[in-house]
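Below: one structure, written as structure tokens.
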Amino acid sequence: MTTPARTFPPGFLWGAATAAYQIEGAAAEGGRTPSIWDTYSHTPGKVDRGETGDVAADHYHRWEEDVEHLAELGVGAYRLSISWSRVQPGGRGPLNPEGVAFYVRVLDALRERGIAPWVTLYHWDLPQELEDEGGWAVRSTAEAFGDYARLMAEQLGERVEVWTTLNEPWCSAYLGYASGVHAPGRTEPAAALAAVHHLCLAHGLGIQAIREVLPEAKTSITLNFHVLRAASDAPEDVEMVRRIDAVANRAFTGPLLDGAYPADLLEDTAHLTDWSFVHDGDLAITNQPLTALGVNYYATNTVRKPVSGEVPAQEGDGHRPSQFSAWVGSEDVQFVPPTPPLTAMGWNIEPAGLTELLVATAERYPTLPLVITENGAAFDDEVSVGDDGTARVHDPRRVQYLHDHTDAVLQALDAGIDVRGYFAWSLLDNFEWGWGYTKRFGIIRVDYDTLERVWKDSAHWFRRLATTGVLPSVEAVEPAAVGAV
Ligand code: IFM
């Protein structure tokens, strides 16, 4: 008996995603000035092995080859981000024509190949000058972002399919300003909460500006929701879920989608701030209609109340994000170490969490289409030589991860959820922030000595999925001739 094919609906969008600082390199070329990630990565001790994005995957010089890889993958969309300090050095004032021309070339090349550009305006690389003026802890950064968004709408216009204002503002605010494990590396919890609001305000000002220039623009924001589990049914553990949900999830969905900060968040954080940085009228700005909501999903988190006298453990590695929402206003929450199997990031693998997230988000916001803008996994890949003498990367765990998570999307679709697309993170191995190049998320391998690209088995598998819309078996990883899948 054969199992019936699992098929995605017609028009379901397949894509691959990257971000500027993680792949471009050319950090000091073409008029680009430093962002907070240049400063941070060049600060000794901040990034593993002292690595920086100076060269990264050298996409700035190899973008034509990378666009060919996207075309070969058969994806309908590519999610990229703009380096703010490449197009507007310093984050204010005149544009840098050379920087703008780079993105125009990339977007035009994508369009020529029938690939829709999904552009994120901010994927964590704030121009350093704006950080010097206070960064996301001050309101003027949100205003500068609104101006930048307007300029981009004017310059890039109809080339852009979907405008995403921010990627994962949770990371920008809490990892950048509370835990300090991301740029700019500040450890000021009150500033992190101000950053939450100024990022939401930036989003609203950005959407308003884009719509003034391009009234029909499709707009979005990408959030990395925390899918939370209580370690037990005990009320005190369930209460921990509420606290983390407030600071990690509803701190963003509140202002962005409901037009209000949740009352429990304000109460939980009252010892840190009075939230007076929220001005009259701000919540009408932050709460903009969106074409779709971008959902990034990797893993789940289990939390519990520490037993009396227990010091809440900060799990082993300092780059793990989960612990740091506890750090702002919820110091008494314990994140339970994840249960294997784990990815190379130490994150658990729980595809059902993705279905659950999509169903819960759609229940809360029934008219908002959802798109998975990131999902994928880092594993320690090995290169081997195939029978034909070419380099191969057999990455069965990544194939399994992608298979099980796209299957989880199908289950959400089966439940009637309006999910419109899925972007694999990531097109290429790249600079994984505090981890440098030690973690490989790409479906295409980058050899950091030669900068050569090699398709992993997961890329071959993903190509089958993207070109057929039918969920392939995990064995379907052999290279296929173009048109043969
Ligand atoms: O590499 C990051 C990306 O920049 C944002 N989302 C999570 C990915 C994996 O950590």
Side-chain angles (χ1 to χ4, degrees), residues 15-25 35-37 40-41 47-48 51-53 56-57 59 78-84 118-126 164-176 179 181-183 199 220-227 248-249 252 293-301 315 317-325 338 342-349 353-354 357 371-381 398 401-402 405 422-444 446 458:
T18 62
Y21 190 72
Q22 294 183 271
I23 63 162
E24 283 182 7
S35 74
I36 54 175
W37 267 99
Y40 186 82
S41 65
V47 175
D48 283 5
E51 290 171 335
T52 72
H59 172 76
Y78 172 50
R79 176 174 179 253
L80 69 155
S81 81
I82 306 265
S83 160
W84 187 348
W118 282 48
V119 168
T120 300
L121 289 173
Y122 185 75
H123 197 123
W124 307 353
D125 43 359
L126 188 70
T164 299
T165 51
L166 310 176
N167 178 69
E168 301 181 355
W170 180 90
C171 296
S172 300
Y174 296 117
L175 303 186
S179 72
V181 299
H182 274 196
L199 283 154
S220 171
I221 186 169
T222 281
L223 301 178
N224 57 323
F225 289 91
H226 279 54
V227 178
N249 298 330
F252 296 99
L293 177 65
V295 173
N296 289 358
Y297 175 83
Y298 291 90
T300 59
N301 290 116
E315 295 155 35
D317 68 65
H319 306 301
R320 258 189 80 78
S322 59
Q323 60 201 325
F324 295 111
S325 17
L342 307 178
T343 69
M345 298 296 283
W347 298 347
N348 68 354
I349 301 175
L354 177 54
L357 172 61
V371 174
I372 292 105
T373 39
E374 282 182 29
N375 176 244
F379 290 107
D380 297 330
D381 300 319
R398 186 176 292 103
Y401 183 100
L402 294 173
H405 285 76
Y422 174 100
F423 288 76
W425 184 269
S426 179
L427 176 68
L428 301 171
D429 287 340
N430 58 52
F431 178 79
E432 178 54 26
W433 310 110
W435 298 97
Y437 299 98
T438 63
K439 306 294 176 194
R440 292 178 176 273
F441 274 92
I443 56 173
I444 296 179
V446 175
S458 52

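Counting convention: from 1, in listed order, for ligands and their atoms alike.
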Pull out every atom of ligand 1 sitting under 4.0 Å from any heavy atom of [X], numbered as shown with elements.
| X | result |
| --- | --- |
| Trp347 | 10 (O) |
| Trp433 | 1 (O), 2 (C), 3 (C), 4 (O) |
| Asn167 | 5 (C) |
| Gln22 | 1 (O), 3 (C), 4 (O) |
| His123 | 3 (C), 4 (O), 5 (C) |

Under 3.5 Å, side chain of Glu432 to main-chain N/O of Lys439, donor-acceptor pair present?
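Not at all, since once roles are kept as given, no pair shorter than 3.5 Å links the two residues.
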Is it true that a side-chain atom of Glu168 and a backbone atom of Leu223 form a donor plus acceptor pair closer than 3.5 Å?
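No, because the side chain of Glu168 does not come within donor-acceptor range (under 3.5 Å) of the backbone of Leu223.
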Ligand 1 N/O within reach of Asn430 N/O, cut-off under 3.5 Å:
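No, Asn430 has no N/O under 3.5 Å of an N/O on ligand 1.
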When you compare ligand 1 with Trp124, is there at least one nitrogen or oxygen pair between them that comes in under 3.5 angstrom?
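The answer is no, given that Trp124 and ligand 1 share no N or O pair closer than 3.5 Å.
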Donor-acceptor pair between Tyr21 and Ser81 side chains, under 3.5 angstrom:
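Note: Tyr21 and Ser81 side chains miss the donor-acceptor criterion.
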Validation row, ring centre Trp118 to ring centre Phe423 under 6.0 Å
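Centroid distance Trp118-Phe423: below 6.0 Å, so yes.
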Report the nearest protein non-hydrogen atom to atom 10 (O) of ligand 1: residue, atom name, distance rounded to 0.1 Å.
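Nearest neighbour among protein heavy atoms for atom 10 (O) of ligand 1, to 0.1 Å: Glu432 OE2, 2.6 Å.
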Could you identify the single nearest non-hydrogen protein atom to atom 7 (C) of ligand 1 and state the distance to 0.1 Å?
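Minimum-distance protein heavy atom for atom 7 (C) of ligand 1 reads Glu374 OE1, 3.2 Å.
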Test Arg79 against every option in Thr373, Thr164, Asn167 by the side-chain hydrogen bond (donor to acceptor under 3.5 Å, both in side chains) rule and name the one that passes.
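For Arg79, the side-chain hydrogen bond (donor to acceptor under 3.5 Å, both in side chains) test succeeds with only one of Thr373, Thr164, Asn167, which is Asn167.
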Only one of Tyr298, Trp425, Tyr422 forms a side-chain hydrogen bond (donor to acceptor under 3.5 Å, both in side chains) with Asn375, so which one is it?
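Exactly one pass, corresponding to Tyr422.
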Would you mind telling me which of Asp429, Asp381, Asp380 makes a salt bridge (Lys or Arg N to Asp or Glu O under 4.0 Å) with Arg398?
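Answer to the salt bridge (Lys or Arg N to Asp or Glu O under 4.0 Å) test with Arg398 among Asp429, Asp381, Asp380: Asp381.
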